[in-house]
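The structure under discussion appears below in the form of structure tokens.
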Amino acid sequence: MSSSNSGYVTPAQLCIGMYVQLDLPWTEHPFTFSSFKIKNLEQIVTLQALGLKRIQYNPTKSDSGPLKVPKDFASGSPPAKPLDDGPLYLAKRARIERLLSQQARVAACEREFMTSARAVKSINQNLFAKPEQARQEAETLVQAIADSMLTDSDIAINLMKDQVGGEDVYFHSLNVTLLSMMLAKELKAPREAIRLMGMGAMFHDVGKLDIPDRIVRKTEALSKPELSLLQQHCAYGVETGRKLGLPAAALLVIAQHHEYMDGSGYPRGLTGADFNLLARIVAIVNAYDNLCNPVKLSLALTPHQALSLMYAQQRARFDAAALTAFVRCMGIYPPGTIVVLSNDSVGMVVSVNSSKPLKPTVLIYDQQVPRDRAILVELESEPDVLISRALKPDQLPQPIYDYLSPRRRVTYYFDAESNRAGAQ
């Protein structure tokens, strides 16, 4: 990113510690980032071999200034471009191939997400007119998720693009179902228990359909009578679940998804052993999604803030082992988090692998790269680059905000490692 503090130097003036910005398309140089701090002589040699007459650098981000070169200094003939089979270029080509593969996986993931979201919408539309069909559609969807997810492979949680508004309830149900099943898998729950919990998670808020929309969607504080009525959605949901013929384990999830381990939840203020284990899992995910996607969007927390709040201030509410596993699955910086990297690049986490939560995949802001071809950097393959801190979207300058397009709603889908090799 260019800056008012930037200047230009000749390739002969480069030295270790200078922070440079390349005015070249990302595909025409061998480096992971277009702006970076020079850390070794190999990078200087490669930069000098690019054939550029001058290179932009930022003094405020540099540890050292440009070399003093006599005005009459002549470098002779310009250095030849490095061989395309040099190690840096080979690494860059491999990185581009991974980028294309990642983009294809995300596109496939988004297609599967939309298919699942349409299925959830159909389930909700058939609830009362065709309850048997609604239950069968839910069983089919949950089973399909289970078949894809419950393998021996790692699961990557991907951030989905913003979808059309007005169908938030379907995305909430799908978010809670997916993430609950993922968390149950991480906790090594039996396959059948995960499937039953998935059914409960899919219908956990079905009781809200019996409550006036003006209360469910109200953005101001609820009055005591309104709050009391809203809390009845757990009981109403159990009644609807019975009419659908849901199994007892799924009904327990619906009944208890707002209970907390410390007894501060509702409707019964359960604690400890009385709080069903599968419902404890759904309670964690439901709380997380409600923090990220509240009715009043101006109150939304970033995924990083939501997890931090739950872990630092609300830990007593949740099953300790399940909450720790959820943080491990989602990563310290969950998908949707805006981050600053240790090389000062700004990006948005778009995917996290549950086995490497500190090394997510980050979509990088680079004004040299068109938004539809944005660079995805897998931090696992960049050992020298770490996440320094998280930002709120409103802290971003407008050009970066527009480029990264932080999501109005945070929605997820998963990508199983075993499916990746086949991505075209």
Side-chain angles (χ1 to χ4, degrees), residues 109-110 113-114 116-121 123-124 157-183 198 201-209 211 213-222 227 230-231 233-234 237 253-254 257-258 265 281-311 313-314 317-318 323 326-327 329-331 333-338 348-352 390-394 401 404-414:
C109 211
E110 288 179 341
F113 168 74
M114 288 309 299
S116 297
R118 283 192 292 270
V120 175
K121 182 176 181 179
I123 290 165
N124 277 268
I157 297 297
N158 295 308
L159 181 71
M160 297 291 95
K161 289 179 181 174
D162 266 344
Q163 308 301 332
V164 179
E167 299 184 349
D168 297 353
V169 62
Y170 309 132
F171 299 137
H172 174 67
S173 296
L174 188 52
N175 262 1
V176 173
T177 301
L178 284 170
L179 297 182
S180 294
M181 293 176 72
M182 175 203 71
L183 178 52
M202 183 68 68
F203 292 107
H204 76 282
D205 268 349
V206 70
K208 287 184 177 179
L209 296 174
I211 295 171
D213 205 47
R214 61 180 174 79
I215 293 177
V216 174
R217 308 299 300 169
K218 187 175 179 180
T219 54
E220 297 81 27
L222 295 174
L227 182 59
L230 182 64
Q231 291 181 350
H233 80 272
C234 298
V253 168
I254 296 171
H257 72 276
H258 277 290
I281 292 172
V282 176
I284 289 173
V285 177
N286 183 57
Y288 170 78
D289 198 64
N290 284 333
L291 288 171
C292 293
N293 301 305
V295 174
K296 189 173 183 178
L297 284 174
S298 63
L299 299 179
L301 299 184
T302 67
H304 177 65
Q305 287 174 319
L307 269 193
S308 298
L309 174 70
M310 292 172 68
Y311 196 78
Q313 298 179 35
Q314 301 178 347
R317 296 181 179 181
F318 306 109
L323 181 60
F326 188 57
V327 173
C329 287
M330 297 302 292
Y333 302 98
T337 303
I338 304 295
M348 180 169 63
V349 177
V350 293
S351 178
V352 62
L391 294 177
K392 294 181 181 179
D394 59 13
Y401 184 96
L404 295 178
S405 302
R407 308 306 192 234
R408 185 182 68 87
R409 283 190 58 83
V410 181
T411 49
Y412 301 110
Y413 210 77
F414 70 95

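Atom set for the values below is all heavy atoms of this structure, side chains included, hydrogens, waters and symmetry mates excluded. Quick note: residue numbers are just sequence positions, from 1.
- Looking only at side-chain heavy atoms (C-beta outward), Phe203 and Ile123 come within less than 4.5 Å of each other.
- With Leu323 as reference, Met310 is the one residue of Met310, Gln314, Arg317 to meet the side-chain contact (heavy atoms from CB on, under 4.5 Å) rule.
- The distance from atom NE2 of His233 to atom CD1 of Ile254, rounded to the nearest 0.5 Å, is 10.0 Å.
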Test side-chain contact (heavy atoms from CB on, under 4.5 Å) on Tyr401 and Ile338 and set out the steps. CA-CA 10 Å; Tyr401 184 96; Ile338 304 295; over 6 Å; no
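- Partners of His304 according to the side-chain hydrogen bond (donor to acceptor under 3.5 Å, both in side chains) rule, which considers only residues two or more places apart in sequence or in another chain, do not exist here.
- Nearest approach of Tyr333 to Val349, heavy atoms of both residues: O-CG1, 3.5 Å.
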Working for side-chain contact (heavy atoms from CB on, under 4.5 Å), residues Leu178 and Ile157: CA-CA 10 Å; Leu178 284 170; Ile157 297 297; over 6 Å; no
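- With rounding to the nearest 0.5 angstrom, the CG atom of Asn290 is 7.0 Å from the CG atom of Asp205.
- Nearest heavy-atom pair across Thr337 and Ala390 is CG2-CB, 3.8 Å.
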Hey, can you pull the donor-acceptor pairs under 3.5 Å for the side chains in residues 294-302, sequence neighbours left out?
unit_1, atom_1, unit_2, atom_2, d
Thr302, OG1, Gln305, N, 3.1
Thr302, OG1, Gln305, OE1, 3.3

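- Nearest heavy atoms, Phe326 versus Leu183: N-CD1, 3.6 Å.
- With sequence neighbours excluded, the residues satisfying side-chain contact (heavy atoms from CB on, under 4.5 Å) with Cys329 are Met182, Glu186.
- A pairwise comparison of heavy atoms in Cys109 and Asn158 identifies SG-ND2, 3.4 Å as the closest pair.
- For the residue pair Thr177 and Ala201, the shortest heavy atom distance occurs at OG1-C, 3.5 Å.
- Closest approach of Pro334 to Leu307, counting heavy atoms only: CG-CD1, 3.5 Å.
- Taking Asn175 as the reference, Asp289 meet the side-chain hydrogen bond (donor to acceptor under 3.5 Å, both in side chains) condition, with sequence neighbours excluded.
- Residue Phe171 forms a side-chain contact (heavy atoms from CB on, under 4.5 Å) with just one option from Asn293, Val410, Thr411, Val176, and that option is Thr411.
- Under the side-chain hydrogen bond (donor to acceptor under 3.5 Å, both in side chains) criterion, Tyr412 pairs with Tyr288, sequence neighbours left out.
- A donor-acceptor pair under 3.5 Å is absent between the side-chain atoms of Asn286 and the main chain of His258, judged by distance alone.
- Under the rule for a side-chain contact (heavy atoms from CB on, under 4.5 Å), the partners of Val216 that lie at least two apart in sequence or sit in another chain are Lys208, Ile211, Asp213, Leu230.
- Judged by distance alone, with hydrogens and angles left aside, the side-chain atoms of Arg407 form a donor-acceptor pair with the main-chain N or O of Ser405 at under 3.5 Å.
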Arg409 and His172: side-chain contact (heavy atoms from CB on, under 4.5 Å), yes or no, with the steps? CA-CA 10 Å; Arg409 283 190 58 83; His172 174 67; 4.3 Å; yes
